[in-house]
There are 2 protein chains.
Amino acid sequence: MKRHDEIREEMLRRINDGEWPVGADIPHEFELTEEFNASRGTVRRALSTLVEQGLIERRKRAGSRVARRTSQTSKLSIPLIREEIENRGHDYSYRLLEREVMAGTGARAGLLRLTCLHLADGRPFQLEHRTINLDVLPGAADQPFRAAGPNEWLVREVPATRVITRISAAAADADTAEILSVAERDPLLVVTRDTFLGDAHLTEARLSHPARSYEVTTVSI
Amino acid sequence: MKRHDEIREEMLRRINDGEWPVGADIPHEFELTEEFNASRGTVRRALSTLVEQGLIERRKRAGSRVARRTSQTSKLSIPLIREEIENRGHDYSYRLLEREVMAGTGARAGLLRLTCLHLADGRPFQLEHRTINLDVLPGAADQPFRAAGPNEWLVREVPATRVITRISAAAADADTAEILSVAERDPLLVVTRDTFLGDAHLTEARLSHPARSYEVTTVSI
DNA sequence: AAGTGGTCTAGACCACGTA
DNA sequence: ACGTGGTCTAGACCACTTC
């Protein structure tokens, strides 16, 4: 256990036990360095973790206090679908349903559109509608994506600077219901993800799952 | 712009432009301090941000390299429902539908169960099923929760150390459909949240939204 | 105006894990 | 074995913002 971990845990204990009540000021950095007999950098490292978690607010000149939280922040990690399925102990398989290069309009090069099905133990698990910007990722045109999904290639070869993920629910339309082996109007959990490299929009994915077999879990930071 | 921000942005640019290709080693800390004419601490601060983002991997003795990512991590922030609705420019209103103190079994104190409806411009937006552990939060029993939802009180008065959030889709049953003014079997986006203080399970919330009017958005870290 | 947190430096020692 | 990243220290200066 590192020194800053020890200090952070002691601070956490004080918050939990009410020694540092919500809304109350906590000691200044100098007092904490003396009390914990640690350097300022180490004390600040412990504090900054708590600030990230939203447990402590700090303002210059006004000191630090235990935060009155107004929102819950947590960390969401969406793994490769193959890993997700294998981690659950199921057999992963994959089928490419459609592949189409859209003709570019004017000076713009085209888009690569893919429809893929990911299965767990042979049962449909995720329907993936994928669009890849061939302008930015011309190498994608050479990939068959017949044996493995496009995300396997993307995530390994392409760095991304910004990812926007939206999670929504939708009712299955007739086509989707048939592909996913659910009834029409059954609920789906839909994850939509836009990936950017700088300003360039690399790829967009729409991932539909039967609600029965999938949910997204996050843990506090 | 802080020095460590400048250094991080230059590193990002090199990754994006392929000067530091995916999988390749990047210079050691000492070389970077010389090149950027900054102290080791500042260089490490820039690097550690990129490590958090999953863009760079570091291993002792083996050096640092641009990561081959295997998952996308992002930050999910779920605000108070009132703020969420007001931020969208709608009028927020609230109704307490049920309130019940469950008798404790044996030595355990009871649970407080609440059913609440949150509305945007008078239209149902979120149905909240809430359970509060009166063992740990006896003060909750004194709160009427008639004018404002329990989360307003919880989030302001109670610190939490661990929050597990699950996001799923479900079909509306008859009761829920009526309350939320949707058709039976319509898709709902359901957020379930368990909040802990140390080992104590403080509260559990099941938040159901008509899929049409709600989605969860996250951005990369 | 002054005290707080924020940033940066220079240097030391440590521990891990690869070469 | 030894070079790398990881941790910690002591101190300086800065900037914000409240007193």
| Where the side chain of B:R45 meets the backbone of B:R3, is there a donor-acceptor pair that is under 3.5 Å apart? | no
| field | Whole-Å gap separating C1' (D:dA15) and CZ (B:R3) | value | 19 Å
| query | Should the pair B:K75-A:E52 be classified as a salt bridge under the 4.0 Å nitrogen-to-oxygen rule? | reply | no
| task | Return the set of residues passing side chain to side chain contact (heavy atoms under 4.5 Å, CB included) with B:T33 (not counting sequence neighbours), or none when no residue passes. | result | B:F30, B:R40, B:V43
| request: State which residues pass side chain to side chain donor-acceptor pair (under 3.5 Å) with B:R212; sequence neighbours excluded, sorted by chain then number. | output: none
| note | Within residues 5-16 of chain B, those residues having any heavy atom closer than 4.0 Å to DNA chain D are none
| ring-ring contact (aromatic ring centres under 6.0 Å, His included): which pairs involve residues 69-99 of chain A, sequence neighbours left out? | A:Y92-A:H118, A:Y94-A:H118
| task | Report the residues that fulfil side chain to side chain contact (heavy atoms under 4.5 Å, CB included) with B:S77, sequence neighbours left out, ordered by chain and then residue number. | result | A:S71, A:T73
| Sorted by number, the residues of residues 22-31 of chain B with heavy-atom contact under 4.0 Å to DNA chain C | none
| Contact boundaries of DNA chain C with chain B (under 4.0 Å, heavy atoms), 5' to 3'? | C:dT7 to C:dA19
| First of A:R40 and B:T42 reached from the 5' end of DNA chain C, by closest nucleotide | A:R40
Enumerate all atom pairs, one protein N or O and one N or O from nucleotides 16-19 of chain D, separated by less than 3.5 Å.
{"residue": "D:dC16", "atom": "O4'", "partner": "A:K60", "partner atom": "NZ", "Å": "3.4"}

| request: Under the side chain to side chain donor-acceptor pair (under 3.5 Å) rule, collect the residues that match up with A:R61, sequence neighbours excluded. | output: none
| For A:S93, side chain to side chain contact (heavy atoms under 4.5 Å, CB included) partners two or more places apart | A:L119
| So A:F125 and A:H209, would you call those rings parallel, tilted or perpendicular, with 30° and 60° as cut-offs? | perpendicular
| query | Out of A:L55, A:D25, A:L50, A:I26, which one pairs with A:V66 under the side-chain contact (heavy atoms from CB on, under 4.5 Å) rule? | reply | A:I26
| note | Applying side chain to side chain contact (heavy atoms under 4.5 Å, CB included) to A:D5 and not counting sequence neighbours gives A:M1, A:K2, A:R8
| field | Pair B:R13 + B:E19: basic N to acidic O under 4.0 Å | value | yes
Which atom pairs, one a donor and one an acceptor, fall under 3.5 Å between side chains of residues 188-198 of chain B and the rest of the protein, sequence neighbours left out?
{"residue": "B:D194", "atom": "OD1", "partner": "B:H201", "partner atom": "NE2", "Å": "2.9"}
{"residue": "B:D194", "atom": "OD2", "partner": "B:R166", "partner atom": "NH1", "Å": "3.4"}

| query | So what does B:R44 touch, heavy atoms closer than 4.0 Å: a base, only the sugar-phosphate, or nothing? | reply | base
